[in-house]
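Comments concern the structure below.
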Number of protein chains: 2
Amino acid sequence: MNNLSLPVTDYLEMETANILLYDDNEALRISMEALISESVDLNLLGAMHTPQNVVSDIQTLHPDVILMDIDMPGMNGVEAVKNIRAYDEKLPVIMLTVFDDNENIFNAICAGASGYILKRYASEEIPSAIRTVMSGGAPMTGSVARKVLQMLPTAKSEEQEDYKLSKRETELLQLLVNGFSYKMIGYELNISLDTVRSHIKKIYDKLHVHSATEAVSLAIKKRIV
Amino acid sequence: MNNLSLPVTDYLEMETANILLYDDNEALRISMEALISESVDLNLLGAMHTPQNVVSDIQTLHPDVILMDIDMPGMNGVEAVKNIRAYDEKLPVIMLTVFDDNENIFNAICAGASGYILKRYASEEIPSAIRTVMSGGAPMTGSVARKVLQMLPTAKSEEQEDYKLSKRETELLQLLVNGFSYKMIGYELNISLDTVRSHIKKIYDKLHVHSATEAVSLAIKKRIV
DNA sequence: CGGAAAACCACATCATCATGCGATTGATTG
DNA sequence: CAATCAATCGCATGATGATGTGGTTTTCCG
């Protein structure tokens, strides 16, 4: 059940994905190699048994996607992801694991993993997962996705206040939260300084605040932005 | 609290998934009906144009899965999910929407939605999404899954950057985040305005920012306060 | 003891923000 | 068609913030 798969036709124009695999289990490396070689748009650059030198591996081979086992002796897969993230902010990393416990999932996501596939579904899900991650998605085995959802605050029963900010105002507020000065905002949106002032005053009125710091704080805490 | 996953066996035994659809757009209801009728294991119980009476609909028709449009006049799809959850803790609800903004996703998940599919991918993803949700998974369009991941605490690579703020500085920053002006901070801590300035300047240096809004934003996002 | 760091204060200056009072345009709507 | 509203812009003024330079006192630690 590769629930996240999209029709192959969506990817006809996609260039080949160069893949780098890390797993200490030789049998799995071999079967994964076979699996990947079945797809013409997937190319396995290499299959390493340890992520000890993951960053230099990347520098040498320039993969588009990393497949990373989570349970490896020596260096943990989660640690490896952290190292990758320190070197490359965006390189997609799909975790492969037999476990789908909350602890592992949480750690992997926080470390910066892009996807999380259980090995028992790997043969069905890996090819589409690679395509998903290449197009900016986050492939997850169904049960993992469910657990990820449960990590989000569910208590949120209380009503979210509606401040009724206009689209433009929300945009301004977003920039304010990102630390932009009025001048920078004006330049960014191609509007005059006075217009920025005008918008921000209205935002303050709607949020019932009187300063940028209050607005920023409220915006973040109430998830307006 | 690890009874997170649904009892899978409850659903695996079922031959056919009985589906109930809510969407105010008639064209979409018709095309969805056609899509579902293509699969022998999927059965559309009904296609409603409003979730006004969703709970009594469920009591009458006993669906296995709900497909719920998020943007409907009258009653919002998210509200409908809350009503469903108040009646049935586990009944799978898959949200259908054209938007994948954070606000909508977050609200839907918090309300208790089990999946989140963008309409532009609906024809390809719905059948497998229904099967996924029936077996306890959480089907999501790739881009949605990515955004869900981003909602989780991004501890990121370096455990937690240490800005080495002194105790007093952290205190000042806390007040700044709470929207206090320099004057108010001084009054609160019984120190002079110039001392407040002095402290805040040092905080800015340590956080590598140049304005209160940047400091507040960083403080909240990096959980310094 | 001596040095470092934290917390405190003062003065000065320029930049930026907060606020109020208008005013124009275009799109939407009853 | 009139009314509303979002978005734009201008001017003016006082308040507040950002930055620099320099200083004192206390506390803590090797």
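Throughout, a chain's letter reflects where its sequence line sits, starting with A, and its residues are numbered from 1. Only heavy atoms go into these numbers, but all of them, side chains included; no hydrogens, no water, no symmetry mates.
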Next on the checklist: Test: side chain to side chain donor-acceptor pair (under 3.5 Å). Region: residues 175-191 of chain B. Which pairs qualify, not counting sequence neighbours?
Outcome noted: none
Item to check | Length of the NZ-P vector between Lys202(B) and dA7(C), whole Å | outcome: 8 Å
Checklist outcome for this item: Outermost contacting nts on DNA chain D, any atom under 4.0 Å from chain B heavy atoms, listed 5' then 3', are dT16(D) to dG20(D)
Next on the checklist: Just to be sure I understand the geometry, which residues of residues 188-199 of chain A put a non-hydrogen atom under 4.0 Å away from DNA chain C?
Outcome noted: Arg197(A)
Item to check | For atom CG of Asp205(B) and atom C1' of dA6(C), their distance in whole Å | outcome: 15 Å
Item to check | 5' precedence on DNA chain C between Glu169(B) and His210(A) (nearest-nucleotide basis) | outcome: Glu169(B)
Checklist entry - Between Leu172(A) (CG) and dC17(C) (P), how many Å, whole number? => result 12 Å
Checklist entry - Rounded to the Å, how far apart are Lys164(B) NZ and dA4(C) C1'? => result 15 Å
Item to check | Tyr204(A) side chain near dA18(C) phosphate (N/O to OP1/OP2, under 4.0 Å) | outcome: yes
Checklist entry - Met95(B) and side-chain contact (heavy atoms from CB on, under 4.5 Å): which partner among Val81(B), Ile117(B), Ile109(B), Asn104(B)? => result Val81(B)
Checklist entry - Once you round it to whole Å, what is the distance between P of dC21(C) and NZ of Lys201(A)? => result 11 Å
Next on the checklist: Mind checking if Lys183(A) touches a base, just sugar-phosphate, or nothing, with heavy atoms under 4.0 Å?
Outcome noted: sugar-phosphate
Checklist entry - What residues, two or more places apart in sequence or in another chain, satisfy side chain to side chain contact (heavy atoms under 4.5 Å, CB included) together with Asn76(A)? => result Val78(A), Glu79(A)
Checklist entry - Atom CG of Leu165(B) and atom C1' of dA7(C): how far apart are they, to the nearest Å? => result 14 Å
Checklist entry - For the helix from dC1(C)-dG30(D) to dG30(C)-dC1(D), what is the angle between the axes at its two ends, each from 5 pairs, rounded to 10°? => result 50°
Checklist entry - Around Phe99(A), counting heavy atoms of other residues, nucleotides and ligands shown, do more than 12 lie under 6.0 Å from its CZ? => result no
Item to check | Gap between atom NE2 of His49(B) and atom CG of Leu28(B) - 0.5 Å precision | outcome: 15.0 Å
Next on the checklist: When you compare the side chains of Ser192(B) and Thr195(B), does any donor N or O come within less than 3.5 Å of an acceptor on the partner?
Outcome noted: yes
Checklist entry - By salt bridge (charged side-chain N to carboxylate O under 4.0 Å, His left out), which residues pair with Asp205(A), not counting sequence neighbours? => result Lys201(A)
Checklist entry - Which residue pairs pass the salt bridge (charged side-chain N to carboxylate O under 4.0 Å, His left out) test with at least one member in residues 47-56 of chain B, sequence neighbours excluded? => result none
Checklist entry - Does any non-hydrogen side-chain atom of Arg146(A) lie less than 4.5 Å from one of Ser114(B)? => result yes
Nucleotide N/O to protein N/O under 3.5 Å, stretch nucleotides 25-30 of chain C:
none

Item to check | For Lys147(B), salt bridge (charged side-chain N to carboxylate O under 4.0 Å, His left out) partners two or more places apart | outcome: Asp100(B)
Checklist entry - Sequence neighbours excluded, which residues qualify as salt bridge (charged side-chain N to carboxylate O under 4.0 Å, His left out) partners of Lys202(B)? => result none
Item to check | Residues in salt bridge (charged side-chain N to carboxylate O under 4.0 Å, His left out) contact with Arg120(B), at least two apart in sequence or another chain | outcome: none
Next on the checklist: Check the phosphate of dC8(C) against Arg168(B), side-chain N and O only, distance under 4.0 Å to OP1 or OP2. Yes or no?
Outcome noted: yes
Item to check | Donor-acceptor side-chain pairing of Thr213(B) and Ser211(B) below 3.5 angstrom | outcome: yes
Checklist outcome for this item: Hits for side chain to side chain contact (heavy atoms under 4.5 Å, CB included) against Ser37(B), two or more places apart or cross-chain, chain-then-number order -> none
